[in-house]
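Written below as structure tokens is the structure these notes are about.
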Amino acid sequence: MSALPGSNLSLEELDRQTLMHPCTSIMLHEQTGPIIYSDASGVTVRGEHGREMIDFGAGLWCVNVGYGREQLANAAAQAMRDLSYFHLFGSASHESAIHLADQLLSLFHETTGAGHLTRAFFGTSGSDANDTAYKLVRYYNNLLGREKKKKFISRIGAYHGVTYAAAGLTGIPLYHTAFDLPQDGVIHADCPHYYRFSRPGEDEAAFTNRLISNLKDIISREGADTIAAFIAEPVMGTGGVVLPPKGYLKAVQDILRENDILFIVDEVITGFGRLGSWFGTGHYDLQPDIVSLAKGVTSAYFPLSANLISERVWEVFSASSAKTGPVMHGFTYSGHPVGCAVALANISLLKSERLVENSAKMGRHFHARLTERLSDNPYVGDIRGEGLMLAVEFVADKATRRFFSAGTYPHRVVARKAMDENLLVRPLPFIDVTSFSPPLSITSEEIDEGVERYARGLEAAMPTLRELANQ
Ligand code: PLP
């Protein structure tokens with residue numbers, strides 16, 4: 001039945017008249033209408049009229065085990081029958097939340113060596129996980145009587161979500177405009193994107209040194225006694241698939257330790273195999289105080305997020321518990337039994353099908369194919385990636401590394417042409433970068449086919465790119 005009384009509208013028109021879409025231009029949506037998807041399996045999603053597309057995005061970097069997996073559907077159905085819902089407030093608990101907390105901590109211990117992470121807290125999205133981290137850091141410093149130590153350092157180009165605290169931590173101005181963000185007390189350090197922001201003649205080591213000086217300058221300007229935490233994605237996702245320059249993360253960690261600043265590692269994308277190893281924490285030898293997880297924890301079959309908390313932070317909470325009373329933070333859906341059961345089935349699938357290993361192997365293949373097919377193109381400036389988190393960055397003039405003018409969006413043109421070839425890729429919102437992050441179950445044949453479609457899309461976009469390059 002239609003939501004609009006007496007109307008007999010098409011699905012497209014009903015969408016236009018009733019739905020507010022996330023991160024969507026209202027004007028463009030009114031013009032073009034929705035693209036409606038109906039079902040999906042493996043790496044393929046199907047739209048109306050049976051149109052089949054290869055999804056090189058895995059949705060929003062999240063369907064790690066691929067679409068349509070029976071094991072996860074069965075786990076969800078069984079969980080709904082067993083204990084459709086119960087909360088974790090006031091010491092209530094249930095089996096799947098307990099097992100999932102144990103599994104996540106064990107996985108971290110086994111695959112990253114981060115045995116100092118000893119507690120798990122559950123939420124429902126990457127954004128709320130970062131808001132939880134933000135609040136827990138403040139809680140920690142308040143319990144320690146450090147009332148001034150409240151500021152957060154994030155980075156230009158970072159993406160940490162859209163809830164209020166997380167959106168402020170995000171370092172992409174588009175997410176701040178008209179929302180009165182970032183809030184006071186959030187500072188954005190320089191973006192660690194070598195290809196885009198290095199100066200002429202500056203090698204990677206010198207670039208890293210400049211980033212580290214910038215961080216030190218911020219700390220000495222603000223005072224270490226006012227800075228609570230530093231938050232970072234091991235590889236920036238939405239900001240452009242930005243791999244950390246050599247030596248950068250280690251140097252950052254040393255500075256944080258020297259200045260007693262907590263380290264929040266946002267593994268919302270990088271967790272659960274995306275980089276070809278289980279977690280960015282292990283991949284880059286990080287020692288986080290708090291970790292944020294979401295997306296791949298359930299392969300997005302159910303909204304679930306988690307924060308892993310270090311013993312150092314937990315001890316402070318625990319030691320003052322008798323005095324402070326309950327920690328008044330938590331959601332109705334924290335540790336939802338269906339989500340926890342899906343996460344357990346998902347982790348089991350990632351292990352039994354060796355999908356993390358496949359991510360490393362297919363990532364190498366993907367990178368090689370992109371290089372082979374695209375590197376001669378005059379507007380493809382950089383091809384980069386780690387595991388199955390890859391990207392192409394566009395440039396107006398390769399020789400001089402002159403970028404396209406702001407607002408021309410060449411990567412969006414290519415993405416639209418790729419869509420005409422039945423390929424879904426993500427043009428990112430910060431700089432002219434298209435990301436590729438397919439399900440970790442992808443095969444080399446599917447990669448080859450998708451890269452061919454992308455190459456055809458790029459070819460079709462060339463006349464427009466030539467015009468844009470001169471603007
Ligand atoms: N953190 C990172 C690194 C992300 O990439 C995202 C989403 O893309 C988020 C946080 C926010 O997650 P959600 O959209 O589930 O709130």
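Whatever order the structure lists ligands and atoms in, that order sets their numbers, starting from 1. Only heavy atoms go into these numbers, but all of them, side chains included; no hydrogens, no water, no symmetry mates.
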Counting from 1, what ligand 1 atoms have a heavy atom of [X] closer than 4.0 Å?
X: I269; answer: 5 (O)
X: E233; answer: 3 (C)
X: G161; answer: 10 (C), 11 (C)
X: N130; answer: 1 (N), 10 (C)
X: S125; answer: 15 (O), 16 (O)

Original post:
For F366, is the NZ or CZ atom of R369 found under 6.0 angstrom from the centre of its six-membered ring and inside 45 degrees of the ring axis?
Top reply: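 No, cation not above the ring by the 6.0 Å, 45° rule.
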Original post:
Is R196 positioned over the aromatic face of F403, cation under 6.0 angstrom from the ring centre and no more than 45 degrees off axis?
Top reply: yes
Original post:
Short N/O distance, under 3.5 Å, between D266 and ligand 1?
Top reply: yes
Which protein heavy atom lies closest to [atom], and at what distance to 0.1 Å?
atom: atom 8 (O) of ligand 1; result: K295 NZ, 2.8 Å
atom: atom 14 (O) of ligand 1; result: S127 OG, 4.3 Å
atom: atom 4 (C) of ligand 1; result: Y159 CD2, 3.6 Å

Original post:
Taking atom 9 (C) of ligand 1 as the point of reference, which of V162, V268, L60 owns the nearest heavy atom?
Top reply: V268
**OP:** Pick, from G271, P303, C62, G126, the option with the minimum heavy-atom distance to atom 13 (P) of ligand 1.
**Re:**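 The residue whose heavy atom sits nearest atom 13 (P) of ligand 1 is G126.
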What do we get for [X] next to ligand 1 when only non-hydrogen atoms under 4.0 Å count, side chain, backbone, both or neither?
X: D128; value: neither
X: H160; value: backbone
X: A294; value: neither

Original post:
Could D420 and R416 be called an ion pair, given the rule that one side-chain N must be under 4.0 Å from one carboxylate O?
Top reply: no
Subject >> Side-chain ion pair, D266 and R155, N-O less than 4.0 Å >> reply: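 No.
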Subject >> Exercise: do E311 and T118 side chains pair donor with acceptor under 3.5 Å >> reply: yes
**OP:** Mind running side chain to side chain contact (heavy atoms under 4.5 Å, CB included) on F272 and L293 for me, showing each step along the way?
**Re:** CA-CA 9 Å; F272 302 95; L293 300 169; 4.0 Å; yes
**OP:** Specify the closest pair of heavy atoms between A415 and P427, including all atoms of both residues, with the distance to one decimal.
**Re:**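 Taking A415 first and P427 second, the nearest heavy atoms are CB-CG, 3.7 Å.
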**OP:** Classify the ring geometry between H193 and F197 as parallel (under 30°), tilted (30 to 60°) or perpendicular (over 60°).
**Re:** perpendicular
Original post:
Between F207 and Y194, is the ring centre distance below 6.0 Å?
Top reply: yes
